[in-house]
Engineer: 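My structure is below; once you've seen it, I'll send some questions.
Owing to the predicted nature of the structure, the values given are computational and were not obtained by experimental measurement. For the single chain, residues carry numbers from 1 onward in sequence order. In each ligand, atom 1 is the first atom listed, and ligand 1 is the first ligand listed.
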Amino acid sequence: MKPTNLTINGARLWDSLMELAKIGATAKGGVCRLTLTDLDKEARDLFASWCKAAGATVTVDRMGNMFARREGRDPKRPPIMTGSHIDTQPTGGKFDGAYGVMAGLEVLRTLHETGIETEAPIEVAVWTNEEGARFAPAMMGSAVFAGIFEENEIKAKTDRDGIAFGDALAKIGYDGPMPCGGRKVGAFFECHIEQGPILEADRKAIGVVTGGQAQRWYEINLTGQETHAGTTPMERRHDALLGAARIIDTVNRIGVARMPYARATCGVIEAKPQSRNTVPGRVFLTVEFRHPDEAILKLMDEALRAEAARIAGEIGLALDIQEIWHFPATPFDAACIGAVRDAARTRGYAHRDIISGAGHDALYMARVAPTAMIFVPCADGISHNEIEAAKPDDLAAGCQVLLDAMLRRANAPA
Ligand SMILES: [Zn+2]
């Protein structure tokens, strides 16, 4: 790696994060800035004004994704891109998403003030509706950019008040003219707080993210028989809730047996008929599994199906398991991962490889561009919470790694 002495300004990065966090600030120190609200518009306007002051041009596509571009010596080269999101959860923090965007802004500012020219253009993206809190699904902007969803299908999605995504986008004036996606991106890097406890516990400033884990989501319906709780002897019962209880325990065992990487969760349970003196006859249950390795996730799938069938058979229940979603494992690009790792090593930051446990725009960008992510620790691993916190030094380190990795890609031979 060609050594670079270009240094980002950690204090300026922190100040910008704190300034952005004022838009939608909550009493408990967090941020509530739901996508496509007036607050979102205010934050977008501020980001655009900062980027223009740093010499970048800002364009908006038809999904409201924003791109702040600093031209390269060769404008025909595909841009080296970074970015994240500035929408938040209803009780969100100051750093989730905002850090990735402000780190990109700090890269632009550093290049601008030093007058450094790159071969390839540099772009900083703001992806629309990453959180999925107001409009589902999550990561809409990057998904359409990557060709996963159709623009019109997404624009028709409505929030709980019946407002369509497309209408909300037009209302804040961010229904841009540029087509969404369909252009080449040379590489994509995203800085993000880890949103988990691993880096902090391991005392590492930098997480070199090697990929995202696969997910499989299921809906299970168990059907037994509703009978009188006082007159039905134990051996004659077909108790659907008992079956669900055993399946919940089994799901947990499936995860525990594949630690440390597996995740296994039952999040929703509905028993019917909700009467304390009737044996429950019907249960709806959700299961989600995650693992970075598709082959192991398949073993978890097989174990769930076999164990659930055994449990249902023992109690005399009809079992219906539907897999409703399968998000494939996303290995990041070896060269981009290498650029991040080398930058962390060259700068002397404590670092380790890590898998992304959460969804990120980078996971969709990885389908259309060489991609990697940079994680920094957050306090107690807590995120999607108003108390979310991160240290200025760690945030600066992640931003420095971002700049170094982007410069390496942007100045690599075409
Ligand atoms: Zn995020």
Engineer: If we ignore angles and hydrogens, is there a donor and acceptor under 3.5 Å between the side chains of H85 and N129?
Structural biologist: no
Engineer: If the plane angle is over 60° it's perpendicular, under 30° parallel, otherwise tilted; pick one for W127 and F145.
Structural biologist: perpendicular
Engineer: May I ask you to check if R290 and Y261 form a cation-pi contact, with NZ or CZ under 6.0 angstrom from the six-membered ring centre and within 45° of the axis?
Structural biologist: no
Engineer: Any idea how many protein N, O or S atoms are nearer than 2.8 Å to the Zn ion (ligand 1)?
Structural biologist: 3
Engineer: Kindly confirm or rule out a cation-pi arrangement of R44 over Y174, judged by NZ or CZ under 6.0 Å from the six-membered ring centre and within 45° of its axis?
Structural biologist: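 Satisfied, under 6.0 Å and within 45°.
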Engineer: Mind checking what makes side-chain contact (heavy atoms from CB on, under 4.5 Å) contact with P273, not counting sequence neighbours?
Structural biologist: E226, S275, T278
Engineer: Would you please indicate if the ring centroids of Y364 and F327 are separated by under 6.0 Å?
Structural biologist: yes
